[in-house]
**Student:** 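Sharing a structure here in structure tokens format.
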Amino acid sequence: MSVTQVRLNLLPMSAAPSPTTATPAPETLLLGQILDFTSDPFEGAPQDSARHLSRGGIVIRGGKIIEIGPAARLIETHGTARRVDYGAALLLPGFVDAHAHYPQTGIIASWGKRLIDWLEGYTFPEESRFGDPVYAATIAGRYLDLVIAHGTTTVATFCTSHPASVTAMFQAAQARGMAVVAGKVGMDRNAPDALKDSPERAYDESKALLKRWHKQGRSRYAITPRFTPTSSEAQLEAMGALWAEHPDCAMQTHLSEQVEEIAWVKELCPTAEDYLATYDKHGLIGPGALFGHAIHLTPRERARLAESGSAVIHCPTSNTFIGSGVFDAAGLAAEGIQVGLATDTGGGSSFSMLRTMGAAYEISQLNGAVLHPAHLLWLATAGSARALRMEAEVGTLAPGSAADIIALDLASTPAIAQRAARARDIWEALFPTMMMGDDRAVKAVWVGGVSRR
Ligand code: GUN
Ligand code: ZN
């Protein structure tokens with residue numbers, strides 16, 4: 001995807017990529033440096049958790065990764081493959097953004113408010129426009145082109161409460177061959193009428209969308225109650241019932257993002273033990289549950305998140321932008337809680353998982369824990385994929401995975417290049433790009449074996 005194409009897609013009728021250009025070649029061999037995790041860096045020495053090939057290759061066939069290894073061997077054994085040589089660029093799995101709001105693309109970087117005012121002042125008015133399928137399709141296409149340009153190949157995104165917003169996202173994802181997790185937002189209180197549904201409508205509309213899209217090609221459905229302040233008990237119960245009927249879907253929501261929000265939940269649910277209990281009561285917890293933010297947790301909530309196998313999703317640029325607080329990535333991971341990483345576009349101030357990794361590093365410094373580049377890369381790839389229960393398909397370069405691969409230029413600007421030139425190993429070479437890189441570092445993006453940038 002060139003910059004010109006991204007610009008073109010800002011036009012009202014975002015052009016979906018033509019299917020004729022999307023036919024994968026029989027076999028392709030990508031060449032470059034490669035970093036490939038062999039273990040979870042939170043469970044051992046992070047610097048030893050990945051294999052580095054200074055000259056490696058990845059063989060792609062039928063949209064999947066077939067083989068990975070030293071370049072010289074693969075050139076010999078796959079002599080007829082179409083070869084694409086990225087030189088010193090680093091081949092990685094495409095980034096996995098585990099929490100975003102695509103409908104907030106147009107209001108990203110809106111000034112001056114904290115969560116509740118930000119939702120009421122910027123978010124809800126913008127989301128109210130997504131009953132219009134043409135507008136929804138325009139923003140869905142624009143959003144996915146932007147994330148691809150930033151090296152992200154899978155997102156878990158909230159839509160709005162309008163079914164048209166969900167259809168638009170899955171159509172845009174399928175046109176680009178992307179594995180996307182998405183769902184209709186349920187919200188039946190404390191919201192403008194244009195966005196409010198009801199427990200029954202949230203159940204019926206979510207169920208119809210789930211039946212239409214879940215596991216159709218690479219699409220995955222997420223049951224999506226927005227958060228307790230905007231979902232009544234009856235709606236949370238209906239969402240819990242739907243998830244119990246379709247447990248292989250994801251469930252995404254928000255948890256303990258800001259102190260004012262937590263106080264509001266206490267007012268709305270005075271008998272609940274804590275915020276997490278308002279979801280737990282209705283079965284909205286467990287493997288496949290994705291709790292965005294999860295900053296101000298009690299010890300009981302942390303223990304319950306760990307034992308239930310739920311995931312918390314770190315949204316560092318959002319947590320600083322909206323002033324939410326300091327997420328405890330290292331501590332939560334050490335307690336056995338699954339952690340994913342996300343932009344939270346547009347509460348987050350970026351579409352870039354590079355920028356998000358940089359922000360995660362800085363937040364962790366504030367918390368007194370130094371994250372290694374391996375931790376950051378893991379969170380942005382395999383960690384998020386595992387939280388989404390999609391680690392067999394995305395987030396790694398293991399044979400059998402989808403060929404969602406990016407090539408990162410580790411010297412994409414003069415400032416980064418002069419720093420990377422002093423690197424003594426691949427982690428030191430990669431870290432300046434995590435801290436200072438942007439879409440200029442993303443040299444190539446392959447999605448399902450098709451070149452998209
Ligand atoms: N809590 C409920 N809805 C939202 C949202 O759209 N963004 C963020 N950051 N937090 C939320
Ligand atoms: Zn969110």
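Indexing begins at 1, ligand by ligand and atom by atom, following the structure's order.
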**Student:** Any idea which part of F321 is under 4.0 Å from ligand 1, heavy-atom wise: side chain, backbone, both or neither?
**Tutor:**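 Within the 4.0 Å criterion, F321 makes no contact with ligand 1.
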
**Student:** Under 30°, 30 to 60°, or over 60°: which ring-plane class applies to F431 and Y361, parallel, tilted or perpendicular?
**Tutor:**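 Perpendicular: the ring planes of F431 and Y361 meet at over 60°.
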
**Student:** Roughly how far, to the nearest 0.5 Å, is CE of M251 from CD1 of I223?
**Tutor:**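 The distance works out to 8.5 Å.
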
**Student:** Taking atom types as modelled, is there a side-chain donor on T160 or H162 under 3.5 Å from an acceptor on the other?
**Tutor:**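 T160 vs H162: donor-acceptor pair found between side chains.
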
**Student:** Does E261 have a heavy atom less than 4.0 Å from any atom of ligand 1?
**Tutor:**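 No, E261 has no heavy atom closer than 4.0 Å to ligand 1.
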
**Student:** For atom 3 (N) of ligand 1, what is the nearest protein heavy atom, given as residue, atom name and distance?
**Tutor:**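 Answer for atom 3 (N) of ligand 1: R226 NE, 2.8 Å.
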
**Student:** To 10°, measure the NE2(H254)-the Zn ion (ligand 2)-NE2(H101) angle for me.
**Tutor:**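 H254 NE2 and H101 NE2 form an angle of 100° at the Zn ion (ligand 2).
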
**Student:** Give me the one residue out of T153, T152, T345, T343 that meets side-chain hydrogen bond (donor to acceptor under 3.5 Å, both in side chains) with D97.
**Tutor:**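 Result: among T153, T152, T345, T343, T343 is the only option passing the side-chain hydrogen bond (donor to acceptor under 3.5 Å, both in side chains) with D97.
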
**Student:** Does any N or O atom in D344 lie less than 3.5 angstrom from one in ligand 1, N or O only?
**Tutor:**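 N/O-N/O distance below 3.5 Å exists for this pair.
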
**Student:** Which residue supplies the protein heavy atom nearest to atom 7 (N) of ligand 1, what is that atom called, and how far is it?
**Tutor:**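 Going by distance alone, atom 7 (N) of ligand 1 is nearest to W118 CZ3, 3.5 Å.
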
**Student:** Checking side-chain hydrogen bond (donor to acceptor under 3.5 Å, both in side chains) for the pair T278/T228: CA distance, chi angles, key distance, verdict?
**Tutor:** CA-CA 7 Å; T278 66; T228 298; 2.9 Å; yes

**Student:** Crowded around K64 NZ? As in, over 12 foreign heavy atoms under 6.0 Å?
**Tutor:**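 No, NZ of K64 has 12 or fewer neighbouring heavy atoms, counting only those of other groups under 6.0 Å.
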
**Student:** Can the ring centroids of F227 and H293 be said to lie less than 6.0 angstrom from one another?
**Tutor:**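 So the answer is no for these two rings.
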
**Student:** Under 4.0 Å from a heavy atom of H293: which atoms of ligand 1 are those, numbered in the order shown and with their elements?
**Tutor:**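 Going through ligand 1 atom by atom, the ones under 4.0 Å from H293 are 9 (N).
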
**Student:** Give the atoms of ligand 1, by number and element, whose distance to some non-hydrogen atom of F227 is under 4.0 Å.
**Tutor:**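 Listed by number with element: 1 (N), 2 (C).
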
**Student:** Do you know the tightest heavy-atom contact between K196 and A191?
**Tutor:**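 Heavy-atom minimum between the residues: CE-O, 2.9 Å.
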
**Student:** Examine Q104 against ligand 1 and note whether any of their N/O atoms are separated by less than 3.5 Å.
**Tutor:**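 Between Q104 and ligand 1 (N or O atoms, distance only) the closest approach is under 3.5 Å.
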
**Student:** Under 4.0 Å, counting heavy atoms only: does F158 come that close to any atom of ligand 1?
**Tutor:**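 Judged by the 4.0 Å heavy-atom criterion, F158 does not count as contacting ligand 1.
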
**Student:** Taking 4.0 angstrom as the limit and counting only heavy atoms of L115, give me the atoms of ligand 1 inside it, by number and element.
**Tutor:**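 The list of qualifying atoms is 8 (C), 10 (N), 11 (C).
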
**Student:** Just checking, is any N or O donor in the side chain of Q104 or Y122 under 3.5 Å from an acceptor N or O on the other one?
**Tutor:**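 Y122 and Q104 do not have a side-chain donor-acceptor pair below 3.5 Å.
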
**Student:** Quick one: the OD1 of D344, the Zn ion (ligand 2), NE2 of H99 angle, rounded to 10°, please.
**Tutor:**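 Approximately 90° at the metal, rounded to tens of degrees.
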
**Student:** Which of these, E257, Q258, H254, has its nearest heavy atom closest to atom 4 (C) of ligand 1?
**Tutor:**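 When every heavy atom of E257, Q258, H254 is considered, H254 comes closest to atom 4 (C) of ligand 1.
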
